[in-house]
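Here's the structure, in structure tokens; my notes come after.
Each ligand, and each atom within it, is numbered from 1 in the order the structure gives.
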Amino acid sequence: MDEFGVIERFFRHTPQAESVLLGPGDDAAVIKPTPGMGLTMSMDTLLEGRHFPVGFPAEYVGWRSLAVNLSDLAAMGARPRWALLSLSLPQVDEAWLEGFCRGFFTLAEQMGVSLVGGDTVKGPLSITVQVTGEVPATRALRRSGARPGDKLCITGPVGLAAAGLANWQAGITTGALVQAFAQPIPQCQTSLRLQGLATSAIDISDGLLADLQHILTASGGIGADVHVEALPLTSEFLSWGDGAQRQQAQLYGGDDYQLLFTLLSHVNVPRGCVQIGRITSRPRIRVQDFQGQWHDNMAIRGWDHFTS
Ligand code: ADP
Ligand code: MG
């Protein structure tokens, strides 16, 4: 099967929304945005061995490659609409492509996203997805709007994906923690409820404290108090590791794709979300650990591609 065969068989006949006037197959796609909406765009590349383990099941790779992109749109408060997919494949492995498509299109359908085009080349395994979403231009959520006194909130538990990746590397390939790493659920639904409500937002891809620091820096160099005890937990996570390992995963583990956001102090925390701290004027992060001890000036040790 050549490049055109792959496109024809796997990507040409994808389910399309009414907003897609022309999907994969021509020289470019034609879409019809909703009148009055702003368009928001994002793109992420996943490399084998860097963003997912070598030999990771194709279904998980397909799901994750879309999920991490949709999470960026969720962080903007945008509704996901269209995607482009650039695939670099070492060879045409039909079973792998079937698995990839199952993961990719299952999530696409759940989130109302249409694949409108892409590119297919031969090379080392690498997946680039570009997504476009819609948000009323003045209601897009930014990193820069947090102010001292704001509530600091999260959409769900963090640390699960890091625990899941550790399990995977130890040979444990099933369970809720591995699932959290393999098929994270982008917070697209919750994100729409934060439109025009949150003063700032970011998705947690690199780790809670690392991504919190991005909000604090973008918001003019302010700080935050974080209570580890307030972080949501699951029973599977509670039976993983010891207290110190769990706290490490919660504060520094990436890949959960929950949203971290701030609210004016008088605004109620949306249902399903949890307040984990508060924004402060001192330019540093203070953390109250799971034993109740305060730690000042917490070192930022989230994943950084250039230092680790
Ligand atoms: P061109 O040489 O004109 O760029 P391509 O052969 O790259 O054309 O692509 C032909 C059509 O197939 C285009 O509409 C393109 O968007 C689509 N396409 C190629 N690869 C993919 C893919 N991985 N997923 C979805 N659509 C794809
Ligand atoms: Mg092309």
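Interface of D26 with ligand 1, defined as ligand atoms under 4.0 Å from a residue heavy atom, comprises 11 (C), 13 (C), 14 (O). Atoms of ligand 1 lying under 4.0 Å from any heavy atom of G117, numbered from 1 in the order shown and given with element: 16 (O), 24 (N), 25 (C), 26 (N), 27 (C). Set against the non-hydrogen atoms of D27, the atoms of ligand 1 under 4.0 Å away are 3 (O). Of all atoms in ligand 1, numbered sequentially from 1 with element shown, those under 4.0 Å from a heavy atom of P24 are 14 (O), 26 (N). Every atom of ligand 1 is numbered from 1 in the order shown, and the set under 4.0 Å from a heavy atom of D119 is 7 (O), 19 (C), 20 (N), 21 (C), 22 (C), 23 (N).
Side chains of T132 and Q130: a donor-acceptor N/O pair is present below 3.5 angstrom, by distance only.
By the criterion of a heavy-atom distance under 4.0 Å, the side chain of F4, and not its backbone, is placed next to ligand 1. Residue contacts with ligand 1 for L115 involve side-chain atoms from C-beta outward but no N, CA, C or O (heavy atoms, distance under 4.0 Å). The part of I7 lying near ligand 1 is the side chain, judged by heavy-atom distances below 4.0 Å.
Residue I185 places its CD1 atom among 12 or fewer non-hydrogen atoms of other residues, nucleotides or ligands, all under 6.0 Å distant.
Geometrically, R64 does not engage F56 in a cation-pi contact, judged by NZ or CZ lying under 6.0 Å from the ring centre and within 45° of the ring axis.
Note on ring orientation: taking the six-membered ring where Trp is involved, the planes of F11 and F100 are perpendicular (angle over 60°, cut-offs 30° and 60°).
For atom 21 (C) of ligand 1, the choice among A29, G118, A28, G25 with the nearest heavy atom turns out to be G118.
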* To do: Tell me, with the steps shown, if S19 and W82 meet side chain to side chain donor-acceptor pair (under 3.5 Å).
  => CA-CA 9 Å; S19 64; W82 310 283; 2.9 Å; yes

- [ ] Take Q258 and T155 through the side chain to side chain donor-acceptor pair (under 3.5 Å) test and state the conclusion after the steps.
- [x] CA-CA 6 Å; Q258 297 292 340; T155 51; 2.6 Å; yes

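At a 4.0 Å cut-off, at least one heavy atom of E3 sits close enough to ligand 1 to count as contact.
Side-chain atoms of M76 and I202, non-hydrogen and from C-beta on, never get closer than 4.5 Å to each other.
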